Amino acid sequence: MKIASFNINGIKARLPLVQDWLGEAAPDVAILQEIKTIDETFPRAVFEDMGYNVETHGQKSFNGVALLSKLPLEDVTRGLPGAKGAGREGVDDEEARYIEATVVGEHAVRICGLYLPNGNPAPGPKYDYKLRWMERLHARAEALLAQEECFLMAGDFNVIPQAEDAARPEAWEKDALYLPQTRQAFRRLLNLGLTDALRARTQAPELYTFWDFQRGAWARNDGIRIDHILLSPQCADLLEDVQIDKNIRAREKPSDHVPIWVSLAA
DNA sequence: ATGGTCGCCGAGCGA
């Protein structure tokens with residue numbers, strides 16, 4: 001089972017690219033972030049015509065996540081539990097950043113798609129929200145780990161885990177993506193027993209998933225690795241391959257992120 | 001130090 005994550009930075013602007021990529025990469029499951037639209041205007045029929053089941057958790061203009069799957073998406077939940085002032089219709093967050101569903105192939109895999117808050121500027125209320133959100137994600141991971149089943153958390157974590165995950169780490173020292181507290185919260189997630197799929201397979205440097213639109217970052221390969229797929233122990237047992245589709249960044253009208261995917265014996 | 005670029009939508013914010 002091939003499972004891919006891609007921050008598309010707006011589905012309206014990215015539809016041709018996403019269609020081309022899905023046709024070529026043919027993931028069984030695609031986890032999308034920053035759809036930047038409401039559920040009603042997400043072009044679900046385009047993906048249904050390509051053989052995908054579609055579940056979205058959108059909002060107007062910002063954020064928004066979606067799951068596409070060739071197999072049925074079961075037990076879909078929207079929103080990360082634990083927000084202060086949780087409320088509307090079972091959704092636990094003002095910002096649409098989290099969706100879960102189960103896909104059943106040879107094994108059942110719980111898919112957790114997430115768009116973690118950027119957190120800049122730090123310090124400040126946005127950084128506080130990011131750290132609280134990471135605590136809530138930690139709690140959700142603990143709850144899922146207690147079930148001892150196969151699950152993965154994938155998406156745009158907005159975390160540069162280590163210096164080798166940035167072309168110029170010194171440029172990020174005061175940034176919410178790389179501050180010590182941010183990286184500690186990410187390590188705490190891994191220390192629960194989750195596996196960073198990419199780092200389980202390679203320690204190679206310069207494996208980036210994001211290049212800023214500004215300053216010719218792509219042309220200079222001034223990238224960072226902030227899109228991650230974390231595997232539960234039962235899921236890590238099934239890991240066959242992990243890759244970053246770097247070539248997608250060189251296309252017409254690219255996103256600033258590229259896809260990352262795992263292949264599981266599931 | 002600043003500005004540089006995108007996408008959302010139709011001004012300015014978020015990244």
Side-chain angles (χ1 to χ4, degrees), chain A residues 5-21 30-44 46 56-66 80 83 93-98 113-134 137 154-161 165-179 181-183 185-186 208-228 245-260:
Chain A
S5 171
F6 190 7
N7 180 325
I8 59 174
N9 191 7
I11 188 58
K12 291 171 187 170
R14 213 68 60 216
L15 190 54
L17 179 73
V18 173
Q19 281 185 88
D20 288 349
W21 166 69
I31 304 161
L32 305 180
Q33 302 89 40
E34 285 206 88
I35 63 172
K36 292 189 171 182
T37 195
I38 56 177
D39 299 335
E40 290 74 14
T41 47
F42 186 82
R44 61 165 47 240
V46 170
T56 60
H57 178 37
Q59 73 179 81
K60 185 178 166 65
S61 298
F62 301 114
N63 309 311
V65 289
L80 181 62
D93 209 316
E94 294 298 320
E95 303 187 8
R97 297 179 173 276
Y98 191 83
L114 64 99
Y115 175 47
L116 209 146
N118 176 294
N120 281 305
K126 293 195 173 185
Y127 192 55
D128 295 341
Y129 175 63
K130 177 177 194 159
L131 292 177
R132 283 200 309 274
W133 209 94
M134 293 184 84
L137 188 63
D156 177 358
F157 281 72
N158 270 313
V159 175
I160 303 166
D165 297 312
R168 296 185 303 123
E170 67 280 2
W172 298 91
E173 272 168 14
K174 293 179 178 173
D175 195 283
L177 278 59
Y178 191 61
L179 282 173
Q181 272 190 91
T182 305
R183 295 191 285 138
F186 186 76
Y208 309 132
T209 65
F210 171 92
W211 296 260
D212 202 294
F213 286 127
Q214 301 183 60
R215 294 177 293 261
W218 169 246
R220 297 186 292 116
N221 195 28
D222 182 10
I224 51 177
R225 187 175 75 96
I226 56 174
D227 299 85
H228 309 297
D245 285 342
K246 182 177 180 180
N247 65 303
I248 296 297
R249 188 63 176 78
R251 299 282 177 94
E252 285 284 307
K253 268 181 85 71
S255 171
D256 39 9
H257 297 250
V258 296
I260 177 173

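Chain naming here is simple, since letters A, B, ... match the order of the sequence lines and numbering starts at 1 in each. Just so you know, these numbers come straight off a predicted model, no measurement behind them.
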Please measure how far the [atom1] atom in [N] lies from the corresponding atom in [M], and state the result in whole Å.
| N | M | atom1 | result |
| --- | --- | --- | --- |
| B/dC9 | B/dG14 | C1' | 13 Å |
| B/dC6 | B/dA11 | C1' | 16 Å |
| B/dG3 | B/dA15 | C1' | 15 Å |

Have A/Lys36 and A/Asn9 got a donor and an acceptor in their side chains that come within less than 3.5 Å?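 Looking only at side-chain atoms, A/Asn9 and A/Lys36 do form a donor-acceptor pair, the distance falling under 3.5 Å.
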
Go along nucleotides 7-15 of chain B 5' to 3' and tag each nucleotide: B for a protein heavy atom under 4.0 Å from its base, S when only backbone or sugar atoms are that close, - otherwise. SSS----SB

Flag, side chain of [X] to backbone of [Y], donor-acceptor distance under 3.5 Å:
| X | Y | result |
| --- | --- | --- |
| A/Asp39 | A/Gly58 | yes |
| A/Asp256 | A/Phe213 | no |
| A/Tyr98 | A/Val65 | no |
| A/Tyr208 | A/Asn221 | no |
| A/Arg97 | A/Asn63 | no |

Fill in the dot-bracket string of DNA chain B, one character per base: . for unpaired, | for a pair to another strand, ( ) or [ ] for pairs within the strand, taking Watson-Crick or G-U pairs under 3.5 Å. ....((((...))))

Are more than 12 heavy atoms from other residues, nucleotides or ligands located less than 6.0 Å from atom CD of A/Glu170?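 Yes, the 6.0 Å shell around CD holds more than 12 heavy atoms from other groups.
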
Between A/Pro161 and A/His228, is any pair of side-chain heavy atoms under 4.5 Å apart?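 Heavy-atom side-chain distance check passes, below 4.5 Å.
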
